[in-house]
Peer 1: 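This structure is in C-alpha cells; I'll ask about it shortly.
Predicted model, so just to flag it, every value in this text is computed and none were measured.
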Amino acid sequence: MNARWQQTLVFLQLALLLAWLAWAWPQSPRWALAGLLLAWLWQLFSMGLPFVLMQAVNRAAAVPPVGLARLLRAWWREVGAARRVFGWLQPFCHRARPDCLAPTPGQRGVLLLHGYLCNRGLWQPWLRTLRAQGRAYRALTLEPAFGTIDAYASAIDAAVRELHAATGLAPLLVCHSMGGLAARAWLRACPDGAQRVHHIVTLGTPHQGTWAARFGYSTNARQMRQGSAWLQALVAAEPPAQAALFTCWYSDCDNIVFPALTATLAGAENRLLSGAGHMQLALAPQVQADTLERFL
C-alpha cells in the first residue's frame, strides 16, 4: 500500500506535466518551458521551507545554527535525495532485493526499519552492500502506515527471531526516523528484547519528538510530537541501562527532526553528521560504512 500511493503520486505528476506540455507547446514553447520551470521552482521552495523552519527552531532551542552556505548545500542535496527516495526507490524498487534469510552461521544479520511515509525501498543501497557481503537481512515495510507505532512490535519481533535462527547471533537493528521509535516500542513490548539484539543504530530518529510533527495528524505522527503522552510513557517504561544499546546519528541540518538534539538519547552514543538533511542520513555512505564495520 505504501508503494502504491507513491507510484500514484509519481504518475500523477508526470501526467500533469505531459498534459501541460501537450496544451501549452502548440501555443507557445516558451510558455510551456516556463511552466516546467515554475513546477521545478515550486519543488525547490517546498523543500526549502522546512530548512527555514528548522534553522529558526534550532536557534530558539539554543542549538548552534549552521552557516548559510552549509544550509544551502544540505537543502540542494536533500532535494536530490528526496527525489531519489520518493520518485524511484520506494515506489518502484521496494521489491528489487528481497529479504535474505539463507543460513549464515557466525555472520550477524541486520534488520532495517524505515520511517514515516517510507517503505523498505529506502534501504536499497544498504541491501546491495549486505547482499554483496553474503549476510542475512530483513527490511520491513511497517504497516499500517498511519497507525500506532506500537502496532509494529510484532513484525519486528518475528524478524528478530528469523534472523537469529538464520545466523545463531543476535541481529543488528538499523532504523531511520520513526523506525527507531518502533524499535524502542518493540523493546517495551518484549521484555527480553534487549537480550536478543546486538545493537540498535538510529538515523535521525525523533527520540524526544520533533517540532515538525505538529503538522501531522495520523496516530503515529501525533505520537512523535514533542512532549506527547506516548513518548513520556515510553521513556517511563525504559530501564536506564537500555540507552547503552543505541548509537544515534543526528544532524544540524535535519529538516524533519528538529531541534537537532531531539534525535539524541541520554546515555547512548550520539554522533553528529553535520550538514545532512533527513533523507541524507539514511543514504550517507559514511553512516553505512561506519555502522557495518563497527557492529558486524
Peer 1: Side-chain atoms of residues 208-218: list all donor-acceptor pairs with protein atoms under 3.5 Å, sequence neighbours left out, distances to 0.1 Å.
Peer 2:
unit_1 : atom_1 : unit_2 : atom_2 : d
Gln208 : NE2    : Leu261 : O      : 3.0
Gln208 : NE2    : Thr264 : O      : 3.0
Gln208 : NE2    : Thr264 : OG1    : 3.4
Thr210 : OG1    : Ala212 : N      : 3.3
Thr210 : OG1    : Ile256 : O      : 2.6
Thr210 : OG1    : Phe258 : N      : 3.3
Thr210 : OG1    : Phe258 : O      : 3.4
Arg214 : NE     : Trp211 : O      : 3.0
Ser218 : OG     : Tyr116 : OH     : 2.9
Ser218 : OG     : Asn220 : OD1    : 2.6
Ser218 : OG     : Ala221 : N      : 3.3

Peer 1: Which heavy atom of Leu265 sits nearest a heavy atom of Cys248, and at what distance?
Peer 2: CB-SG, 4.0 Å
Peer 1: Which heavy-atom pair separates Ala189 from Pro191 by the least distance, and what is that distance?
Peer 2: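 For Ala189 and Pro191, the tightest heavy-atom pair comes out as O-CD, 3.5 Å.
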Peer 1: Tell me, do His176 and Leu122 make a side-chain contact under 4.5 Å, heavy atoms counted?
Peer 2: yes
Peer 1: Would you indicate whether Trp88, at its atom CH2, is surrounded by more than 12 heavy atoms from other residues, nucleotides or ligands within a distance under 6.0 Å?
Peer 2: no
Peer 1: Let me confirm one number: the OG1-CG distance from Thr291 to Leu172, rounded to the nearest 0.5 Å.
Peer 2: 7.0 Å
Peer 1: For the backbone of Gln195 and the side chain of Asp192, can you confirm whether one donor and one acceptor N or O come within less than 3.5 Å of each other?
Peer 2: no
Peer 1: Counting only N and O atoms by type, is there a donor-acceptor contact under 3.5 Å from the side chain of Thr8 to the main-chain atoms of Arg4?
Peer 2: yes
Peer 1: Given side-chain hydrogen bond (donor to acceptor under 3.5 Å, both in side chains), test Gln288 with Thr129 step by step and report yes or no.
Peer 2: CA-CA 9 Å; Gln288 182 190 125; Thr129 300; 2.6 Å; yes
Peer 1: According to a 4.5 Å side-chain heavy-atom criterion applied to Ile, Leu, Val, Met, Phe, Trp and Tyr, with indirect links allowed, do Ile149 and Val235 form part of one hydrophobic cluster?
Peer 2: no
Peer 1: Please give me the minimum heavy-atom distance between Pro206 and Met178, naming the atom from each residue.
Peer 2: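 Reported closest heavy-atom pair: CD-N, 4.2 Å.
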Peer 1: Can you see which heavy atom on Ala102 is nearest to which on Ala166, and at what distance?
Peer 2: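 Shortest heavy-atom separation between Ala102 and Ala166 comes out as O-CB, 4.2 Å.
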Peer 1: Mind checking whether Phe246 and Leu231 sit in one hydrophobic cluster, side chains of I, L, V, M, F, W, Y counted as touching below 4.5 Å?
Peer 2: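 Yes, it is one cluster - the side chains of Phe246 and Leu231 are joined through contacts under 4.5 Å.
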Peer 1: Look only at the side chain of Thr202 and the backbone of Thr205, and say whether a donor-acceptor pair between them is shorter than 3.5 Å.
Peer 2: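 No, Thr202 side chain to Thr205 backbone: no donor-acceptor pair under 3.5 Å.
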Peer 1: Donor-acceptor check, side chain of Trp20 to backbone of Ala32, threshold 3.5 angstrom: yes or no?
Peer 2: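 Here the side-chain-to-backbone pair exists.
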Peer 1: Using modelled atom types only, decide if a donor and an acceptor are shared between the side chain of Tyr152 and the backbone of Thr141 within a distance under 3.5 Å.
Peer 2: no
Peer 1: Do Arg184 side-chain atoms and His207 backbone N/O form a donor-acceptor pair below 3.5 Å?
Peer 2: yes
Peer 1: First locate atom CG of Asp290, then atom CD of Glu293, and finally report the distance between them rounded to the nearest 0.5 Å.
Peer 2: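 So the gap between those two atoms works out to 7.0 Å.
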Peer 1: Would you give the length of the straight line joining atom CG of Leu203 to atom CZ of Arg271, rounded to the nearest 0.5 angstrom?
Peer 2: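 Separation between the atoms: 11.5 Å.
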Peer 1: Among pairs that include at least one residue of residues 90-115, which meet side-chain hydrogen bond (donor to acceptor under 3.5 Å, both in side chains), considering only residues two or more places apart or in two chains?
Peer 2: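 Those involving residues 90-115 are Gln6-Gln90, Arg97-Gln124, Asp99-Arg120, Asp99-Arg138.
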Peer 1: For Met279, is there any backbone N or O sitting under 3.5 Å from a side-chain donor or acceptor partner on Glu78?
Peer 2: yes
Peer 1: Please examine the side chains of Phe295 and Val174, heavy atoms only from C-beta on, and report whether any two atoms are closer than 4.5 Å.
Peer 2: no
Peer 1: For the pair Leu173 and Leu245, evaluate side chain to side chain contact (heavy atoms under 4.5 Å, CB included) and give the outcome as yes or no after the intermediate values.
Peer 2: CA-CA 10 Å; Leu173 270 63; Leu245 271 176; over 6 Å; no
Peer 1: Take Val10 and Trp5 through the side chain to side chain contact (heavy atoms under 4.5 Å, CB included) test and state the conclusion after the steps.
Peer 2: CA-CA 9 Å; Val10 171; Trp5 72 258; over 6 Å; no
Peer 1: Any side-chain to backbone donor/acceptor pair from Ser177 onto Gly115? Under 3.5 Å, distance only.
Peer 2: no
Peer 1: For a quick check under 3.5 Å, do Thr148 and Gln223 share a side-chain donor-acceptor pair by atom type?
Peer 2: yes
Peer 1: Starting from Leu283, can I reach Trp76 by hopping between I/L/V/M/F/W/Y residues whose side chains sit under 4.5 Å apart?
Peer 2: no
Peer 1: Going from CG on Leu16 to CG on Leu21, what distance comes out if it is rounded to the nearest 0.5 angstrom?
Peer 2: 11.0 Å
Peer 1: Kindly compute the distance separating OH (Tyr250) from CG (Asn270), expressed to the nearest 0.5 Å.
Peer 2: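 It is 6.5 Å, given to the nearest 0.5 Å.
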Peer 1: Flag yes if Phe86 and Val257 sit in one hydrophobic cluster, no otherwise; membership is Ile, Leu, Val, Met, Phe, Trp, Tyr, and two members link when side-chain heavy atoms are under 4.5 Å apart.
Peer 2: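 Phe86 and Val257: separate clusters.
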Peer 1: For Pro171 and Arg196, work out which heavy atoms get closest and say how close.
Peer 2: CD-O, 3.3 Å
Peer 1: Is a side-chain donor or acceptor of Trp126 paired with a backbone partner of Ala282 at a separation under 3.5 angstrom?
Peer 2: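 Answer holds: yes.
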Peer 1: Can you measure from SG (Cys253) to CG (Leu281) and round to the nearest 0.5 angstrom?
Peer 2: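 It is 10.0 Å, given to the nearest 0.5 Å.
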Peer 1: Are Leu112 and Leu273 co-members of a hydrophobic cluster defined by side-chain heavy atoms under 4.5 Å apart?
Peer 2: yes
Peer 1: Quick one: does Trp31's side chain get under 4.5 Å of Gln27's, heavy atoms only?
Peer 2: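 Not touching, per the 4.5 Å side-chain cut-off.
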Peer 1: For a side chain to side chain contact (heavy atoms under 4.5 Å, CB included) check, start with the C-alpha distance between Leu111 and Leu113, then their side-chain angles and the critical distance, and finish with the verdict.
Peer 2: CA-CA 7 Å; Leu111 175 59; Leu113 304 176; 4.1 Å; yes
Peer 1: Between Asp150 and Trp230, is the side-chain hydrogen bond (donor to acceptor under 3.5 Å, both in side chains) condition met? List the steps.
Peer 2: CA-CA 10 Å; Asp150 298 287; Trp230 186 85; 2.7 Å; yes
Peer 1: Taking all non-hydrogen atoms of both residues into account, name the closest pair between Gly275 and Ala74 and its distance.
Peer 2: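 Here Gly275 and Ala74 meet closest at O-CB, 3.4 Å.
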Peer 1: Strictly distance-based, threshold 3.5 Å: is any side-chain N or O of Asn2 a donor or acceptor partner for the main-chain N or O of Cys118?
Peer 2: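 Yes; judged by distance alone, with no hydrogens or angles, the pair exists.
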Peer 1: With the side chain counted from C-beta on, respond yes when Leu187 and Gln242 share a heavy-atom pair under 4.5 Å apart, and no when they do not.
Peer 2: yes
Peer 1: When the side chains of residues 44-71 are checked against the rest of the protein, which donor-acceptor pairs come out under 3.5 Å, sequence neighbours left out?
Peer 2:
unit_1 : atom_1 : unit_2 : atom_2 : d
Ser46  : OG     : Trp42  : O      : 3.2
Ser46  : OG     : Gln43  : O      : 2.9
Gln55  : NE2    : Val66  : O      : 2.8
Asn58  : OD1    : Ala260 : N      : 3.0
Arg70  : NH1    : Ser274 : OG     : 2.6

Peer 1: Could you go through Trp186 and Val197, starting from their C-alpha distance and side-chain angles, then the distance that decides it, and tell me whether this counts as side chain to side chain contact (heavy atoms under 4.5 Å, CB included)?
Peer 2: CA-CA 11 Å; Trp186 164 69; Val197 65; 4.2 Å; yes
Peer 1: When you check the side-chain N and O atoms of Asn255 and His278, is any donor under 3.5 Å from an acceptor?
Peer 2: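 Judged by distance alone, the side chains do not pair up.
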Peer 1: Passes side-chain hydrogen bond (donor to acceptor under 3.5 Å, both in side chains), His199 versus Arg294? Steps please.
Peer 2: CA-CA 10 Å; His199 199 72; Arg294 293 179 63 203; over 6 Å; no
